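A short write-up of the structure that comes next.
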Amino acid sequence: MSVRTRVAPSPTGTPHLGTAYIALFNKAFAEQQGGDFILRIEDSDAARSSKQSEADILDALKWLNLDWDEGPDIGGSLGPYRVSERLSNYESHAEELIGTGGAFRCFCTPERLDDVRREQQRRGETPKYDGHCLSLSDDEVRRRVDAGEPHVVRLRVPESGDCVFTDQIRGEISIPWQQVDMQVLVKSDGFPTYHLCATVDDHVMGITHILRGEEWISSCPKHVLIYDYFGWQFQELFHLPLLRNKDQSKMSKRKNPTGINFYRDRGYLPEALLNYLATMGWSMPDEREQFSYVDFVKDLDLGRITPRGPVFDVEKLDWLNGCYIRDLSDDEFQNRFASWAGDEQRFRKIVTMLKARTERFDQVLPQVDYIVGDRQPIEKDAFSHKSLSEEEVVKILDFAARALEELSSWASGEIGEALRTTAEESGYPMRDFVAPLFIALSGRSVALPLFDSIEVLGLELTRTRLRSAIEILGGISNKKLKKLDKEWAKLDRA
RNA sequence: GUCCCCUUCGUCUAGUGGCCCAGGACACUGGGUUUUCAUCCCAGCAACAGGGGUUCGACUCCCCUAGGGGACGCCA
């Protein structure tokens with residue numbers, strides 16, 4: 001049987017490095033085995049999924065040259081490749097499970113479930129479904145369904161014993177069924193949850209090897225159970241370690257830029273980023289650290305994947321990216337730099353404001369230094385202000401970050417509005433409020449218009465620079481953070 | 001809180017019972033090359049979490065403790 005692997009991102013946000021990491025190993029393994037790599041869009045959360053996010057994810061993976069053999073854009077023999085377009089498929093499988101007793105309908109209200117959960121938590125138990133609707137008679141279920149009562153479908157889980165399965169990286173793992181919740185498989189809106197659609201699709205699409213993130217280990221019993229109920233053969237499982245922040249926690253945008261596009265915009269080469277990702281939890285037999293994707297495919301050995309979560313170290317990424325840059329011929333360097341710097345999308349935005357402030361072309365570069373390049377190194381003194389204390393400056397930087405974080409639309413108009421409201425609500429004149437922001441973002445007290453700058457910089461870079469500025473000012477202690485949380489909550493930001 | 005996973009230099013890692021008083025890389029420090037800087041070269045710093053076993057012999061196998069992480073949603 002030919003190897004088939006997949007990556008199944010959920011289109012609910014900006015493209016994440018973790019997706020690229022998982023995709024890389026899936027694709028390389030399939031390619032090495034002469035198999036196929038499939039991209040499936042897990043848009044089972046109708047409320048949070050968006051077409052824009054899906055398009056962004058596809059673009060980001062393509063930028064990294066992580067293209068696929070079958071997917072929503074190119075089709076394939078086992079499509080469609082979006083959960084939202086395969087609903088009848090899950091419906092029939094759910095019906096089958098209900099018929100064989102592997103699943104049941106549940107009419108409990110979210111309120112009741114909340115109460116149950118709270119009570120269990122209070123008693124120190126693992127919160128999970130209490131089996132309330134398990135005892136409903138067939139007649140009653142039929143009556144309530146016919147009456148159009150909203151309900152979900154839940155997985156029936158054994159009450160005792162252990163679920164034993166094998167992770168190819170860690171070995172045998174055993175989890176007591178007691179720990180496993182009677183997971184919802186079909187939501188009341190008729191959409192499947194991940195657990196149903198992923199398991200059904202993986203089987204139907206002939207997936208042979210599942211390489212996914214470690215965070216899925218604890219839900220494996222549910223998947224094993226579904227496969228048992230259907231009598232299907234389970235795939236080989238590989239749980240790759242989670243990429244980590246410096247403090248070892250799961251990599252998150254709060255502590256690290258996690259967006260693929262952030263790295264693209266900073267001028268990392270896709271092949272370098274891919275190479276670096278390949279060294280996370282894996283190493284070449286000869287310990288070589290710079291290697292091409294082709295060599296990765298040739299030498300990939302899933303047995304060499306380590307279970308330990310690697311810290312994503314930007315400094316080492318920088319070194320590796322530098323190696324790749326130096327290996328470029330002069331022509332290549334010029335071309336690739338030009339295409340990076342000339343990225344129309346990004347720079348059209350600043351042309352207008354630049355033009356107004358330019359008398360000769362030689363004045364252009366100095367003005368955009370902090371946008372095209374890294375921000376000038378700044379020191380604490382740079383933030384000293386005639387009427388703001390250091391503590392207030394920190395507060396402003398923090399509040400600005402919070403305000404930007406909540407924006408639904410990243411455009412200078414909204415950005416300005418959000419900052420103005422925040423300044424007003426926290427009692428600072430706009431003039432004072434923006435002063436520290438100019439320093440933090442541009443490294444200078446005079447720069448191109450702030451809101452436009454922020455728009456062009458993007459959320460991740462803006463967040464990174466604001467945070468770095470706060471660090472320069474001594475950071476925020478836990479105690480101070482709590483106080484800021486409180487003040488922030490009190491603001492009336494209509 | 002419950003369950004699961006993990007534990008070699010600050011970081012990425014090599015190591016599958018003797019080759020290891022632990023090797024490479026990034027970072028850092030010092031030196032050399034270079035008009036400066038970067039590159040490059042050389043050197044240095046620095047780790048097997050702790051405690052019990054098993055064994056002639058443990059970084060490697062087992063157990064316990066500690067620490068870290070993850071999961072516990074009609075999110076994925």
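Convention: sequence-line order gives letters A, B, ...; per-chain numbering from 1. This is a predicted model, so every value here is computed, not measured.
In terms of polar N and O atoms assigned as donor or acceptor, the side chain of A:K128 never comes within less than 3.5 Å of the base of B:rC72 in a complementary pairing. Looking at A:K316, its side chain comes within 3.5 Å of the base of B:rA25 through a donor and an acceptor atom. Side-chain to base pairing of A:S188 with B:rC74: one donor and one acceptor N or O lie within less than 3.5 Å of each other.
Closest contact between the side chain of A:T306 and the listed nucleotides B:rG70, B:rU13, B:rA27 involves B:rU13. Minimum atom distance to the side chain of A:I173 is reached by B:rC5, of the listed B:rC6, B:rC5, B:rG69. For A:E315, counting side-chain heavy atoms from C-beta on, the closest listed nucleotide (B:rC26, B:rA71, B:rC75) is B:rC26. Minimum atom distance to the side chain of A:P127 is reached by B:rG1, of the listed B:rG70, B:rG1, B:rC12. Distances were taken from every side-chain heavy atom of A:K250 (C-beta onward) to each of B:rG70, B:rU13, B:rC3; the shortest belongs to B:rG70. Considering only side-chain atoms of A:P307, the nucleotide from B:rU7, B:rA25, B:rG73 that sits closest is B:rU7. Considering only the side chain of A:R326, B:rC40 comes nearest among B:rC40, B:rC4, B:rA76. For A:V184, the side-chain atoms get nearest to B:rC74 when compared with the rest of B:rC74, B:rG70, B:rA14. Taking the side chain of A:T279 as heavy atoms from C-beta on, and the options B:rC12, B:rA25, B:rG69, the nearest nucleotide is B:rC12. The side chain of A:Q179 lies closest to B:rC3, out of B:rC5, B:rC3, B:rA76.
The closest side-chain donor-acceptor pair between A:D45 and A:S49, if any, does not fall under 3.5 angstrom. A donor and an acceptor atom, one from each side chain of A:N261 and A:W63, are nowhere located under 3.5 Å apart.
Going from atom CG of A:N256 over to atom P of B:rG69 covers 15 Å, rounded to whole Å. If you take CG of A:L185 and P of B:rC74, they are 11 Å apart, rounded to a whole angstrom. Note: CG (A:N275) to C1' (B:rA25) measures 12 Å, nearest angstrom.
Contact annotation for A:R212: no contact, since no heavy-atom pair falls under 4.0 Å across all strands. Residue contacts for A:R117: at a heavy-atom cut-off of 4.0 Å it reaches the sugar-phosphate backbone alone, with no base atom in range. Here A:G281 lies in heavy-atom contact (under 4.0 Å) with sugar-phosphate atoms only. At the heavy-atom level, A:E42 lies under 4.0 Å from the strands shown only through sugar-phosphate atoms. Nucleic acid contact for A:C108: base, since at least one base atom lies under 4.0 Å from a heavy atom of the residue. At the heavy-atom level, A:S44 lies under 4.0 Å from the strands shown only through sugar-phosphate atoms.
Other residues, nucleotides and ligands contribute more than 12 heavy atoms inside 6.0 Å of the CD atom of A:Q33. Atom CG of A:D138 is surrounded by 12 or fewer heavy atoms from other residues, nucleotides or ligands within 6.0 Å. Within a 6.0 Å radius of CG in A:D247, other residues, nucleotides and ligands contribute more than 12 heavy atoms. Remark: A:K253 NZ is loosely packed, at most 12 non-hydrogen atoms of other residues, nucleotides or ligands lying under 6.0 Å away.
To the nearest whole angstrom, the two C1' atoms, one in B:rU55 and one in B:rC63, are 16 Å apart.
When both distances must be under 3.5 Å, the Watson-Crick or G-U wobble mate of B:rA22 does not exist. In this entry B:rA38 has no Watson-Crick or G-U wobble partner, no candidate having both defining distances under 3.5 Å. Both distances falling under 3.5 Å, in either a Watson-Crick or a G-U wobble arrangement, place B:rG44 opposite B:rC28. Look at B:rC9: it lacks any Watson-Crick or wobble partner with both distances under 3.5 angstrom. Here B:rC3 sits opposite B:rG70 as a Watson-Crick or G-U wobble pair (both hydrogen-bonding atom distances under 3.5 Å).
For the pair A:D56/A:Q52, a side-chain contact is recorded, criterion being any heavy-atom separation below 4.5 Å from C-beta on.
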